[in-house]
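Take a look at the structure below.
Keep in mind that what you see is a predicted model, and the values were worked out from it rather than measured. Below, each value reflects all heavy atoms present in this structure, side chains not excepted, and no hydrogens, waters or symmetry copies.
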Amino acid sequence: MNSTKKAAGCVVVFFILFACGCSGYSVISRQTVAEVPAAHYERIIKLHNPDGQPDRTLAGLVHVTGQATVCTDYPREEVIRSMDELTMLEKYAFANFLNYIIQDGTVTAGYVSIPVDYRIVVWRKDKHPECTYKVEVVLPKSSVGFPSYIAVDTGISAW
């Protein structure tokens with residue numbers, strides 16, 4: 001009976017992945033970079049966690065180059081014009097973030113900077129011109145301000 005449940009689970013997972021592939025969604029591979037280049041960006045999306053400790057209110061930054069549309073799934077975001085709008089503690093935290101490039105072939109859509117314990121998945125959505133690249137933020141198992149994530153079961157979505 002246990003093997004029947006596993007087989008049924010595999011079929012469901014396969015169907016979900018197949019449906020995502022047929023619907024125009026695909027995952028862009030993560031590429032780390034040493035730092036986000038100092039340049040003019042179309043916009044900077046600040047991922048804000050007001051419930052975090054004073055040095056943990058910044059949950060990440062998404063620098064959008066303007067070559068393609070980029071959005072996030074993060075619940076609390078605000079658009080800032082420059083890095084000068086960050087507080088001193090946020091600038092200090094940003095210096096220790098992991099940096100990723102959103103690059104698809106020759107298109108560099110932007111950069112993502114997140115804390116070390118966070119993860120991202122970048123989706124390309126071919127049929128959505130208002131959000132061609134979606135940055136999915138995967139929170140750590142327990143995060144201040146997000147009590148529902150305390151008992152998250154790391155399954156297939158935990159890449």
Just wondering, do Leu61 and Leu86 contact through their side chains at under 4.5 Å, heavy atoms? yes
Query - Beyond-backbone contact of Val138 with Tyr118, side-chain heavy atoms, under 4.5 angstrom - result: no
* To do: Spell out, yes or no, whether Phe97 and Val36 are grouped together once hydrophobic residues are joined by side-chain heavy atoms under 4.5 Å, including indirect joins.
  => yes
ask   = Are Leu89 and Thr57 side-chain neighbours, meaning at least one heavy-atom pair lies under 4.5 Å?
value = no
Output for pair (Asp51 CG, Arg56 CZ), nearest 0.5 Å, gives 13.0 Å
CD1 (Ile45) and NE2 (His63) are apart, to the nearest 0.5 Å, by 10.5 Å
So NZ of Lys127 and OG1 of Thr132: to nearest 0.5 Å the spacing works out to 13.5 Å
Any non-hydrogen side-chain atom of Thr32 less than 4.5 Å from a side-chain atom of Leu98?
no
| task | Report yes if some heavy atom in the side chain of Glu130 is under 4.5 Å from a heavy atom in the side chain of Thr69; otherwise report no. | result | no
- [ ] Over 60° means perpendicular and under 30° means parallel, so classify the ring planes of Tyr111 and Tyr41, tilted if in between.
- [x] perpendicular
Shortest non-hydrogen pair, Val116 vs Asn96, comes out as CG2-O, 3.8 Å
On a heavy-atom basis, the closest approach of Val79 and Arg43 is CG1-CB, 3.9 Å
All heavy atoms of Gln103 vs all of Ile28, minimum pair found to be O-CG2, 3.4 Å
Between Tyr133 and Ala109, the two heavy atoms sitting closest are CD1-CB, 3.8 Å
Between Ala59 and Pro115, the two heavy atoms sitting closest are O-CD, 3.2 Å
Side-chain heavy atoms of Tyr100 within contact of Val122, under 4.5 Å:
no
task = Give a yes or no on whether Val64 and Leu47 share a hydrophobic cluster (residues Ile, Leu, Val, Met, Phe, Trp, Tyr; joining criterion: side-chain heavy atoms under 4.5 Å apart).
result = yes
How are the rings of Tyr25 and Trp123 set to each other: parallel, tilted or perpendicular (split at 30° and 60°)?
perpendicular
Minimal heavy-atom distance between Gly66 and Glu42, with the atoms involved, is CA-OE1, 3.1 Å
Are any of the side-chain heavy atoms of Asn49 and Arg76 separated by less than 4.5 Å?
yes
Quiz prompt | Val70 with Ile44, same ILVMFWY side-chain cluster at under 4.5 Å | solution = no
* Asked: Using 4.0 Å as the upper bound for N to carboxylate O, is an ion pair formed by Glu85 and Lys46?
  -> no
- Co-membership, hydrophobic cluster, residues Tyr74 and Ile80, 4.5 Å side-chain: no
- [ ] Decide yes or no for Val112 and Ile102: does some side-chain heavy atom of the first lie under 4.5 Å from some side-chain heavy atom of the second?
- [x] yes
